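Questions regarding the structure given below will be posed in turn.
No experiment lies behind these values; they were computed from the predicted model shown. Throughout, a chain's letter reflects where its sequence line sits, starting with A, and its residues are numbered from 1.
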Amino acid sequence: MSCETKQNQERAYCDYLLRPGNTNCAGCGMSIALQWLDSALGDEKPTLVIPACCGIVTAGAFPTSGYGVPTAASTFAAAAAVATGISAVAKMNDDPHPVVCWAGDGGTYDIGIATLSAAAERNEDIIYICYDNEIYGNTGGQRSSATPEGVVTTTTASGKGERKKDIMAIMAAHRIPYAATLSVAHCEDFIRKIKLARSMTGFRFLLILSPCPTGWKSEPEQSTELIGTAVRSGLFPLYEIFEGSRYRINERPDGTPLEEYVKQQRRYKNVAAHLDPLKNFRDEQWRYLDGMVKAFPATEEDGG
Amino acid sequence: MSKSLVTGNLAAARTLAAAGEANRAALGCCAGAYPITPQTEIIEHLRGCEFSKGRVVAVESEHSAMAVCMGASLAGARTFTASSSNGLAYMVENIFAAGYYRLPIVMIAVNRTLGPPWNIWVDQGDSLMFRDAAWLQFYCDSHQDLADTILLAFRVAEDEQILLPVIVAMDGFVTSHTTMVVDLPDQAKVDAYLPKCNVPHRLSHAHPSTIGGLTWPRETELHRHEIQQSMERVPAVLATAIDEFELVFERRPAGILEAKCTEDAETVVIACNTMARTLGDVVKARREGGEKIGMVRTKMFRPFPREELIAAIGSAKRVAVLDRNHSPGSGGIFWQEIAATLRERPDVLLQDYVVGLGGGDVTPAMIGEIIDDLNQRSQSTAPIWKEAAA
Ligand SMILES: Cc1ncc(C[n+]2csc(CCOP(=O)(O)OP(=O)(O)O)c2C)c(N)n1
Ligand code: SF4
């Protein structure tokens with residue numbers, strides 16, 4: 001290792017939110033998303049709260065850590081409540097660092113939903129980010145309520161029988177200042193949304209579709225491309241909801257067939273032959289979103 | 001010092017609030033609060049308090065109440081909460097987490113029977129469930145003892161030699177809902193007594209660290225060992241806290257345990273909380289009748305005071321334990337601890353009596369029968385269930 005490289009690594013080791021040496025799998029969506037989160041927040045380093053999930057394993061083992069910012073590992077269901085305490089103390093002491101929850105879909109859609117809902121209802125000053133890999137990655141790939149219909153997991157051997165939960169609608173129903181979906185294939189849009197969320201106070205909810213080659217049985221080098229396909233085919237719409245009542249769509253499907261998305265992931269092996277339920281899910285999602293945007297459009301004042 | 005006629009709950013709530021307010025010169029205070037009978041009055045009062053620098057968050061569950069305390073404590077503030085019975089059971093995961101994070105949280109446990117069947121009256125089984133949770137535990141016999149012990153609890157919990165959370169327990173209804181005259185501390189004296197809360201391992205942007213992540217077996221074992229070492233330092237730290245309490249408040253609260261008439265006693269009865277006060281009356285009357293009998297009120301349950309207990313029992317030949325709690329398949333929980341301690345005294349006949357479960361009255365007459373039973377025993381038997389046997 002050259003002297004220069006070593007120096008660079010040491011600097012990197014100190015400065016970055018996500019440090020080299022973290023334990024993420026190759027092609028993990030978190031690796032991209034955490035770096036973009038870091039660059040979007042710039043000097044305003046966040047305080048992280050991470051419940052049980054791959055995201056805390058990312059840190060690696062004591063005494064080193066893959067995180068270069070203060071990070072609390074919370075119990076699985078408790079991230080938004082632990083963040084409430086941190087944010088309350090930050091506020092009363094004029095500490096400017098944003099408090100960010102970084103949680104998987106299990107900690108968000110399933111076990112943590114009561115805590116999440118309560119913190120949203122209290123409009124706590126927290127940025128809650130769910131990196132949604134549609135599976136319990138940390139425990140080896142079991143279903144969650146974010147797993148799409150038909151997907152094979154270790155607890156849905158012949159494909160999941162239920163559809164994916166609409167967490168965005170649930171969060172919108174709390175009338176929180178801001179909720180948005182983010183894609184790791186759309187850098188500018190991603191960074192803009194983080195910055196917009198950062199410019200607000202109160203509870204902000206960001207949902208990232210986070211590729212997980214290990215659980216999705218996909219190729220690591222195709223991760224970003226896969227998410228791009230999810231957005232272009234309309235399966236994962238990019239949109240924003242202001243105060244739970246004004247909608248903005250950021251990108252429309254371009255006719256890319258769903259087949260392109262599913263064929264690259266062996267978790268969809270049972271679905272590939274009969275895609276109708278997934279297509280219906282996508283189309284229904286768009287009918288709903290189009291209806292909402294028509295009836296309740298975002299305004300220029302909503303910014304971004 | 002102001003004398004007030006207050007319920008046990010209010011004595012606890014006002015003392016917690018004064019302790020929280022006292023940290024205004026540092027990072028303030030924060031609590032997560034969720035109601036359950038018979039604790040509710042505490043959190044209602046706390047929610048109504050105006051702190052110079054503090055917030056009481058009305059959360060959606062006990063799990064989150066403790067989580068808010070953990071977050072606030074990780075951020076360096078003084079933290080406290082209160083719960084009972086099924087609320088404590090719901091909180092379990094985060095109670096263990098708070099202990100292992102080494103956060104100096106003070107929690108009031110208003111002892112209540114765990115359901116089902118549903119019963120809101122006293123039974124110590126709820127807080128005793130946390131005997132393995134890296135929390136200190138104190139059991140209080142009166143409103144005054146409660147208020148004083150809460151202040152001691154903050155002192156000990158936040159001491160850099162300890163840094164562990166503390167449960168301060170009182171009897172549901174018998175203490176929580178009855179009124180007594182209590183010397184509630186003035187804010188200025190609490191300010192003088194409690195130093196600024198300093199959580200040395202708090203989250204910090206100057207020294208970013210990851211708290212509570214993965215550790216290897218060796219580090220994990222070292223962590224547990226350090227907690228044990230801190231537990232072993234508690235008696236000394238508590239003794240100093242009591243000495244300084246006396247300097248500030250001109251009153252000396254009980255610490256580890258209270259022994260009465262034990263010097264020459266042949267029979268000693270052990271109890272905690274308000275049962276110990278009834279027991280005290282019985283022992284006094286019997287002493288006046290010439291019996292060589294004494295009593296011990298176990299106040300500190302974690303760390304368990306082995307040496308102090310052996311010393312307190314002295315040369316007694318027979319020891320009875322009154323347990324208002326029960327571990328199915330074993331017996332009373334205080335008895336288990338005391339039995340383990342008395343292995344050093346094989347000459348002592350130790351007998352457990354399970355009494356007053358579900359809030360049943362433990363009367364002087366009942367305690368008298370227990371003493372008579374103990375005194376005529378030549379050997380001990382399995383825990384005796386007073387009500388079930390009657
Ligand atoms: C109370 C509790 N139940 C179960 C677990 C085991 N567990 C740890 S992480 C996890 C799944 C996490 O899934 P998700 O939130 O989707 O994050 P991912 O691992 O996929 O990143 C489970 C079930 C736990 N840590 N705590
Ligand atoms: S299992 Fe999936 S989410 Fe977890 S680190 Fe690996 S790629 Fe990322």
Side-chain angles (χ1 to χ4, degrees), chain A residues 14-15 17 19 23 44-52 55-93 95-97 99 101 111-112 114-119 121-122 124 126, chain B residues 24 26-32 34 51-79 91-98 101 103 105 199 202-216 218-220 222-223:
Chain A
C14 299
D15 288 355
L17 185 155
R19 290 164 165 170
T23 67
E44 297 182 310
K45 296 287 180 197
T47 303
L48 291 181
V49 179
I50 309 183
I56 196 61
V57 180
T58 299
F62 179 87
T64 57
S65 175
Y67 289 109
V69 295
T71 301
S74 89
T75 48
F76 197 12
V82 170
T84 295
I86 296 173
S87 151
V89 177
K91 180 147 280 182
M92 64 182 83
N93 290 290
D95 172 350
H97 298 280
V99 179
C101 288
I111 201 168
T115 322
L116 168 64
S117 169
E121 185 258 342
R122 295 190 305 267
E124 298 292 347
I126 295 169
Chain B
R24 63 195 176 284
L27 293 176
C29 69
C30 184
Y34 195 77
F51 291 100
S52 306
K53 196 198 258 192
R55 182 175 165 206
V56 176
V57 185
V59 291
E60 84 294 352
S61 73
E62 289 84 0
H63 195 273
S64 287
M66 185 50 64
V68 167
C69 290
M70 292 199 293
S73 190
L74 283 167
R78 178 164 288 154
T79 53
M91 207 187 263
V92 169
E93 185 191 28
N94 284 339
I95 290 184
F96 275 80
Y101 271 134
L103 299 174
I105 299 166
V199 181
R202 70 174 174 273
L203 297 163
S204 145
H205 281 268
H207 305 283
S209 63
T210 297
I211 303 179
L214 303 177
T215 53
W216 300 110
R218 180 172 158 74
E219 281 74 29
T220 307
L222 289 179
H223 171 252

Atom group of F96(B) that falls short of 4.5 Å from chain A, counting heavy atoms: neither

Part of A26(B) within contact of chain A (heavy atom distance under 4.5 Å): backbone

Only pairs of heavy atoms separated by less than 4.5 Å count here; which of A75(B), A67(B), A65(B), G212(B) has the most with chain A? A67(B)

Of all the heavy-atom pairs spanning T75(A) and A97(B), show the shortest one and how long it is. CG2-CB, 3.9 Å

Under 4.5 Å, counting heavy-atom pairs only, tell me which of S74(A), A90(A), G60(A) racks up the most with chain B. G60(A)

Which atoms form the tightest heavy-atom contact between W216(B) and F62(A), and what is the distance? CD1-O, 4.1 Å

Could you state the interatomic distance from OG1 (T210(B)) to CD1 (I56(A)), rounded to the nearest 0.5 Å? 6.0 Å

Please report the closest heavy-atom contact between A73(A) and G213(B), naming both atoms and the distance. CB-N, 4.0 Å

Sort V57(B) into side chain, backbone, both or neither according to what part of it lies under 4.5 angstrom from a heavy atom of chain A. side chain

Which residues share a side-chain contact (heavy atoms from CB on, under 4.5 Å) with R202(B), sequence neighbours left out: L27(B), N198(B), V199(B)

Is E124(A) in contact with chain B via its backbone, its side chain, both, or neither, using a 4.5 Å heavy-atom distance? side chain

Counting C-beta onward and ignoring hydrogens, is there a side-chain heavy-atom pair between T71(A) and I211(B) closer than 4.5 Å? no

Portion of A31(B) that has a non-hydrogen atom of chain A nearer than 4.5 angstrom: neither

Between S209(B), G28(B), A77(B), the one whose heavy-atom pairs under 4.5 Å with chain A are most numerous: S209(B)

Please tell me whether T115(A) and H63(B) have a donor and an acceptor in their side chains that are separated by less than 3.5 angstrom. no

Quick one: what part of C69(B) sits under 4.5 Å from any heavy atom of chain A, side chain, backbone, both or neither? neither

Can you tell which part of V99(A) gets under 4.5 Å to a heavy atom of chain B, answering side chain, backbone, both or neither? neither

What one should report as the nearest heavy-atom pair of C30(B) and V89(A) is CB-CG2, 4.2 Å

Contact summary for L74(B) and A72(A), nearest pair of heavy atoms: CD1-CB, 3.8 Å

Shortest non-hydrogen separation from A118(A) to E60(B) and the atoms involved: CB-OE1, 3.1 Å

Quiz: residues 76-87 of chain A side-chain donor-acceptor pairs under 3.5 angstrom, not counting sequence neighbours:
unit_1 : atom_1 : unit_2  : atom_2 : d
T84(A) : OG1    : A80(A)  : O      : 2.7
T84(A) : OG1    : R122(A) : NH2    : 3.0
S87(A) : OG     : D125(A) : O      : 3.3

Proximal component of S204(B), with respect to chain A [non-hydrogen, under 4.5 Å]: backbone

Using a 4.5 Å cut-off on heavy atoms from C-beta on, say whether the side chain of P70(A) contacts that of H205(B). yes

